[in-house]
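Below is one structure; the comments refer to it alone.
No experiment lies behind these values; they were computed from the predicted model shown.
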Amino acid sequence: MKTSEQNAADTPRYILMNQNDNVAIVVNDGGLPAGTVFPDGLTLRDRVPQGHKIALKDFKEGDPILRYDVTIGYAVRDIPQGSWIDESLVRMPPARELENLPIATRKPPQQEPLTGYTFMGFRNADGSVGTRNILAISTTVQCVSGVVDFAVQHIKSELLPKYPNVDDVIGIEHAYGCGVAIDAPGAEIPIRTLRNIATNPNFGGQPVLVSLGCEKLQPVKLFPAGSIPIQTGESNLVVLQDTEHVGFESMIQSIMKVADRQLAKLNQRQRVECPASDLVVGVQCGGSDAFSGVTANPAVGFATDLLVRAGATVMFSEVTEVRDGIDQLTSRAVNKEVADAMIREMEWYDNYLKKGGVDRSANTSPGNKKGGLSNIVEKAMGSIVKSGSSPISGVLSPGEKAKQKGLIYAATPASDFICGTLQVAAGINMHVFTTGRGTPYGLASVPVIKVATRDDLARRWHDLMDVNAGRIATGEATIEDVGWELFQLMLDVASGRKETWAEHWKLHNSLALFNPAPVT
């Protein structure tokens with residue numbers, strides 16, 4: 001990455017990602033007017049908004065447009081040097097074929113293990129570690145969500161104060177469980193997602209399950225062993241249609257009784273020193289802009305490599321946001337089996353989109369484009385760098401739980417909320433979320449560290465963004481500086497020494513299940 005100039009803030013500046021690129025993006029807040037002359041003599045023919053592309057050469061119609069040393073599109077007409085290349089001037093290239101890809105060809109330089117880094121976490125009986133101590137009330141069907149929400153409010157006000165070691169009580173609410181083709185192909189995805197969310201490390205192995213009684217997703221189908229975990233001979237399951245419930249208040253009392261018992265068990269948990277290898281971190285981007293792949297995502301990628309060196313687990317996701325860089329990923333696979341698994345996930349999703357009558361170009365949002373991203377190819381190049389440079393050691397299908405360490409590709413849709421839900425099911429105990437346009441995104445299940453791509457966003461949303469990676473674009477910090485800052489912040493947040501802004505404000509989004517099966 002090369003910045004045209006790094007002097008005063010009012011000096012016209014652009015960023016070139018690779019020496020082979022023929023476009024660069026404007027750094028200055030508010031963009032730059034026509035007639036602006038850069039220190040190297042380049043003169044703007046048009047006003048160019050911040051983050052948008054400048055033509056560094058004269059383009060002929062059909063010429064490739066290169067950013068990240070990748071063809072992100074082709075010029076739809078002649079474009080003079082110094083022009084603003086907005087999305088209307090870029091014809092998107094076809095998707096890379098899923099055949100003849102490089103398989104496990106890239107061998108990153110061997111790096112020394114990163115030792116001596118620890119955090120204070122809650123160790124679980126199954127060996128996993130929580131960064132929070134939360135009572136989770138799961139549900140089999142959306143019909144009970146109102147009752148559970150009512151119960152959660154009463155549990156928080158009446159019971160939680162008695163248990164100071166418990167951080168929170170949450171309801172795992174969703175819009176699934178009935179009115180669906182429960183045995184259709186694809187239905188296994190939402191079912192295993194709900195099953196694995198219930199056993200997230202931050203819930204301490206003490207879940208509560210609330211069922212209506214008549215729904216298609218019966219408790220025995222959700223938990224094939226027959227029930228959720230039973231301790232001291234008492235079930236953690238409450239069925240609202242059971243004849244013991246006479247009136248609404250009796251339902252609430254039953255939920256509170258089970259919750260009280262589980263809270264008492266969770267309250268016995270204590271934070272203990274754990275190696276950084278016990279972290280399971282999900283990384284994601286949302287509200288992306290042209291700076292996502294310049295500042296925040298590269299810093300996250302650097303922190304990802306630090307975590308992998310420390311023996312931790314890191315998951316990156318979002319199928320359509322890596323699809324156009326599939327060759328970069330298969331080449332980093334540790335072996336053919338992992339590469340083939342990534343290809344299978346891409347192919348499955350290609351077919352899923354085709355069935356819906358769209359392709360990968362449906363991903364890019366109006367906000368992405370306003371932030372300078374012309375299409376999904378450009379967006380994907382900036383998204384992939386969150387994964388760092390480590391070998392990819394495993395692949396998860398949607399809703400599966402991670403069972404190994406290292407860098408994992410967890411296949412998910414790119415929707416912020418569905419991706420976050422699936423990463424919670426995969427077992428993350430912490431989430432890192434980068435944004436350029438800005439989003440108050442949060443998860444009730446795990447702490448979410450939000451990283452701003454630009455100074456302007458970090459200033460305006462000073463009490464929502466946890467890390468300002470915009471300092472990289474202005475030359476005030478390096479990718480390594482921000483990567484180490486993020487790594488240390490993760491240890492502090494995991495230990496409970498610091499809370500994220502989303503936790504401070506108690507902001508969180510509803511979980512959103514991925515259900516590719518029919519709704520009846």
Would you mind checking if Asp63 and Lys57 are paired as a salt bridge, meaning a charged N to carboxylate O distance below 4.0 Å?
-> yes
Taking only residues two or more places apart in sequence or in another chain, which ones pass salt bridge (charged side-chain N to carboxylate O under 4.0 Å, His left out) with Arg459?
-> Asp29, Asp456
Parallel, tilted or perpendicular: which describes the rings of Tyr117 and Phe487, with under 30° parallel and over 60° perpendicular?
-> perpendicular
Polar side chain donor-acceptor pair, Arg91 to Asn375, under 3.5 angstrom = no
Counterpart residues, side-chain contact (heavy atoms from CB on, under 4.5 Å), relative to Val37 (two or more places apart) | Thr43
Would you list the atom pairs, donor with acceptor, under 3.5 Å between side chains in residues 489-497 and any protein atom, with sequence neighbours excluded?
| unit_1 | atom_1 | unit_2 | atom_2 | d |
| --- | --- | --- | --- | --- |
| Asp492 | OD1 | Arg497 | NE | 3.1 |
| Asp492 | OD1 | Arg497 | NH2 | 2.9 |
| Ser495 | OG | Met120 | N | 2.9 |
| Ser495 | OG | Leu491 | O | 2.8 |
| Ser495 | OG | Arg497 | NH1 | 3.3 |

Return yes when atom NZ of Lys370 has more than 12 non-hydrogen atoms of other residues, nucleotides or ligands closer than 6.0 Å, and no otherwise.
-> no
For residues 337-344, please give each side-chain donor-acceptor pair under 3.5 Å, one per line with the distance, not counting sequence neighbours.
| unit_1 | atom_1 | unit_2 | atom_2 | d |
| --- | --- | --- | --- | --- |
| Asp340 | OD2 | Lys336 | NZ | 2.7 |

Less than 3.5 Å apart, which donor and acceptor atoms pair up between the side chains of residues 94-110 and the rest of the protein, not counting sequence neighbours?
| unit_1 | atom_1 | unit_2 | atom_2 | d |
| --- | --- | --- | --- | --- |
| Arg96 | NH1 | Asp327 | OD2 | 3.3 |
| Lys107 | NZ | Ala104 | O | 3.4 |

When the ring planes of Trp505 and Trp501 are compared, do they come out parallel, tilted or perpendicular, using 30° and 60° as the limits?
-> parallel
Keeping to residues at least two apart or across chains, list the ring pair (Phe, Tyr, Trp, His ring centres under 6.0 Å) pairs with something in residues 387-415.
-> Phe316-Tyr409
Is Lys498 atom NZ crowded by more than 12 heavy atoms from other residues, nucleotides or ligands, each under 6.0 Å away?
-> no
Glu345: salt bridge (charged side-chain N to carboxylate O under 4.0 Å, His left out) partners, not counting sequence neighbours = none
Donor-acceptor list for residues 299-307 side chains, cut-off 3.5 Å, not counting sequence neighbours:
| unit_1 | atom_1 | unit_2 | atom_2 | d |
| --- | --- | --- | --- | --- |
| Thr304 | OG1 | Val300 | O | 3.0 |
| Thr304 | OG1 | Lys386 | O | 3.0 |
| Asp305 | OD1 | Ser389 | N | 2.9 |
| Asp305 | OD1 | Ser390 | N | 3.2 |
| Asp305 | OD1 | Ser390 | OG | 2.8 |
| Asp305 | OD2 | Ser389 | N | 3.2 |
| Asp305 | OD2 | Ser389 | OG | 2.8 |

Work out which heavy atom in Leu42 is nearest to a heavy atom in Ala55; give both atom names and the distance.
-> CD1-O, 4.2 Å
Considering residues at least two apart in sequence or located in another chain, which fulfil the side-chain contact (heavy atoms from CB on, under 4.5 Å) criterion with Ile170?
-> Ile134, Ala136, Asp168, Ile172, Phe203, Ala444, Ser445
In short, ring pair (Phe, Tyr, Trp, His ring centres under 6.0 Å) pairs touching residues 430-468 with sequence neighbours left out are His431-Tyr441, Phe433-Tyr441
Non-hydrogen atoms of Ala290 and Gly51 that approach each other most closely | CB-O, 2.9 Å
Using the salt bridge (charged side-chain N to carboxylate O under 4.0 Å, His left out) rule, collect all pairs that involve residues 429-441, keeping only residues at least two apart or in two chains.
-> none
Asn202 and Asn133, any side-chain heavy atoms less than 4.5 Å apart = no
For Ala411 and Val319, the nearest pair of non-hydrogen atoms, with its separation, is CB-CG2, 4.1 Å
Set of side-chain contact (heavy atoms from CB on, under 4.5 Å) partners for Asp46, sequence neighbours left out | Ser83, Trp84
Counting only heavy atoms not in Glu347, do more than 12 sit closer than 6.0 Å to its CD atom?
-> no
Heavy-atom side-chain proximity of Arg454 to Arg460 below 4.5 angstrom | yes
Checking side chain to side chain contact (heavy atoms under 4.5 Å, CB included) against Ser374, which of Lys369, Lys53, Lys379, His52 comes through?
-> Lys53
Could you walk me through whether Glu173 and Leu511 pass side-chain contact (heavy atoms from CB on, under 4.5 Å), step by step?
-> CA-CA 7 Å; Glu173 301 173 8; Leu511 296 179; over 6 Å; no
Under 4.5 Å between any side-chain heavy atoms of Phe38 and Leu44, yes or no?
-> yes
